[in-house]
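Data first, discussion second: the structure below is written as structure tokens.
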Number of protein chains: 2
Amino acid sequence: MTPAKSASIASIDPIERRPLHEAAIDRLRELIFQGELTPGSRLNERLLAQRLGISRTPLREAFKLLAAEGLVELLPNRGAIVAQLDAVRIGETLQVMGALEALIGELACRQASDASIDEVRALHFEMRAAHARRDLAAYFRHNQSIHLRLAEAAGNAILAQTYRQLNANVRRVRYMANLSAERWDAAVREHDAILDALSMRDGERLKSLLSEHLAHKTASVLAALEPAQAAA
Amino acid sequence: MTPAKSASIASIDPIERRPLHEAAIDRLRELIFQGELTPGSRLNERLLAQRLGISRTPLREAFKLLAAEGLVELLPNRGAIVAQLDAVRIGETLQVMGALEALIGELACRQASDASIDEVRALHFEMRAAHARRDLAAYFRHNQSIHLRLAEAAGNAILAQTYRQLNANVRRVRYMANLSAERWDAAVREHDAILDALSMRDGERLKSLLSEHLAHKTASVLAALEPAQAAA
DNA sequence: TTTTTGCATTTTGCATGCAAACATGACAGA
DNA sequence: TCTGTCATGTTTGCATGCAAAATGCAAAAA
């Protein structure tokens, strides 16, 4: 193994060979996030399988896994529907995420590598750029990335995975659409403080900043959800 | 609808009709907990399906769901095996459970109904009875029930579900087998204090008691795991 | 009119079949 | 003796078929 060869080997990605049910999950998840599959809409097996170009078997596996994630609801003998956005459920989810963020803040400050903090910083400035451009979609994306990276930076894989899964349920709520300019600016300032605390590895401060940030987010999310509930 | 008729209709339970994949999950979970399916052992589809008296299709669905729970590992194109008990993974899981227990303690004291606290109390004394009899298996069972009931008493369904799922991974470690008598007695005293704090609805104290209790449990679990890791 | 019943159609849940991937082991060549 | 190749049987991944359940609707009964 010459240095040249091992270098080239290292750069080779394994040939992708994903199971169909995983591909189906990714596609469905994306469709649900994008809102192309709306809450409550029925997921006809035959039709969807045909559209995705797969058979019903891997699609049914995808349904069941998405149900475990909370994105889909299974009605016995009556198929699957896109899970409803229930305010109580989402509120509970945010509360659990709060508990996890407390741990994330603590661990990230204690254990994150400088490199991963730098990565969060980079994302932070991308987010600020999006904010400066008033690009809501890009802001939201980078904002999500920051929180997920932070979860990963804590160095606890189970923590990151649990956080990610809960977050997926909240992410469906498009709470940013009617966010006031003031609230948006305030959120950015909160993020400045969060990055600062992380940079200084001040766990206690990061913890309380994240808690406060989440409280505001919870208010926005539930506000975006209540009228929908009332209308339904 | 006469009163007599609606009363008789109301008393009728729906006929139970569970999907086969769910039944399979329950059976496999039980087999994994009981240790009849040991970590790393291969799960042959054809064979297991035959034993369970079902076809491969629902069994494969069960595998994938158990994999999402962390009890089973899927090797692409090479089938499923019972997930290994990895000390790092279990340690991370316990750490996340700690974060959740903090929230559980707080919420349970604030929101639990008196009835659910009474139920925890009842389980507590059943556990003490098992301890008095030195009945390890019964003690373990009641101990598990207490923690799960406490999680439910918090009144947050997502919290309880997340906690339950993480707990399932830890529960596989049979850490009680070589628990010293002193440690066992100490654990019972900790539980006395936990029940007391819950009864008085002292959230802060419950939180710190649960944290301390979990720290000891973590030590026991990891101690039970390390030699196994070294031997392997 | 309103409710109930029966029937045709659709859809799900599960079993089974088939091709591709993998495991095993014998054998040839170094 | 060791390494690599190939043949063979096994196992998985997916597609498809079939029976049971659910749905929709029209006709009959209240």
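Labels below follow one simple rule: chain letters A, B, ... track the order of the sequence lines, proteins then strands, and each chain is numbered from 1.
- Within the 4.0 angstrom heavy-atom criterion, only backbone atoms of the sugar-phosphate kind lie near A:Leu43; the bases stay farther away.
- Comparing C:dT16, C:dG13, D:dT12 against the side chain of B:Ser55 picks out C:dT16 as the nearest.
- You'll find the side chain of B:Leu225 stays beyond 4.5 Å of the side chain of B:Tyr175, heavy atoms only.
- Counting heavy atoms from C-beta on, the side chains of B:Arg17 and A:Asn77 come closer than 4.5 Å.
- For A:Arg42, a side-chain nitrogen or oxygen approaches OP1 or OP2 of C:dT12 to under 4.0 Å.
- Separating the OG1 atom in B:Thr93 from the CD1 atom in A:Ile158 is a distance of 4.0 Å, to the nearest 0.5 Å.
- Taking 3.5 Å as the limit, the base of C:dG13 and the side chain of A:Arg56 contain a donor-acceptor pair of atoms between them.
- Nucleotides of DNA chain D nearest to B:Lys64 and B:Arg17 differ in position, and the one nearer the 5' end is that of B:Lys64.
- Closest contact between the side chain of A:Ile54 and the listed nucleotides D:dA15, C:dC22, D:dT11 involves D:dA15.
- Across the protein-nucleic acid pair, A:Glu22 atom CD and D:dG13 atom C1' stand 13 Å apart, rounded to whole Å.
- In this entry the distance linking CG of B:Leu75 with P of C:dC22 reads 12 Å, nearest Å.
- Going from atom CZ of A:Arg60 over to atom P of D:dA15 covers 14 Å, rounded to whole Å.
- Between B:Leu52 and B:Leu59 there is a side-chain heavy-atom pair separated by less than 4.5 Å.
- With C:dT16, D:dG13, C:dA21 as the choices, the nucleotide that has an atom nearest any side-chain atom of B:Thr57 turns out to be C:dT16.
- For A:Leu52 and D:dC14, the CG to C1' distance is 14 Å, given to the nearest whole Å.
- For C:dG17, neither phosphate oxygen OP1 nor OP2 lies less than 4.0 angstrom from any side-chain nitrogen or oxygen of B:Arg46.
- A:Leu74 comes within 4.0 angstrom of nothing in the nucleic acid, heavy atoms only.
- The side chain of A:Glu45 lies closest to C:dG13, out of D:dT11, D:dT16, C:dG13.
- Minimum atom distance to the side chain of B:Asn77 is reached by C:dA21, of the listed D:dC14, C:dT12, C:dA21.
- One interatomic measurement links the two molecules: CD of B:Gln50 to P of C:dA15, which rounds to 13 Å at whole-angstrom precision.
- Taking every side-chain heavy atom of A:Arg78 into account, D:dA22 is the closest of C:dC14, D:dT16, D:dA22.
- Atom-to-atom, CD of A:Glu61 to P of D:dC14 comes out at 7 Å; the value is rounded to the nearest Å.
- Atom CZ in B:Phe63 sits about 15 Å away from atom P in D:dC14, given to the nearest Å.
- As rounded to whole Å, 10 Å separates atom C1' of C:dG13 from atom NE2 of B:His21.
- Taking the charged nitrogens against the carboxylate oxygens, A:Arg141 and A:Glu126 have no contact shorter than 4.0 Å, which rules out a salt bridge.
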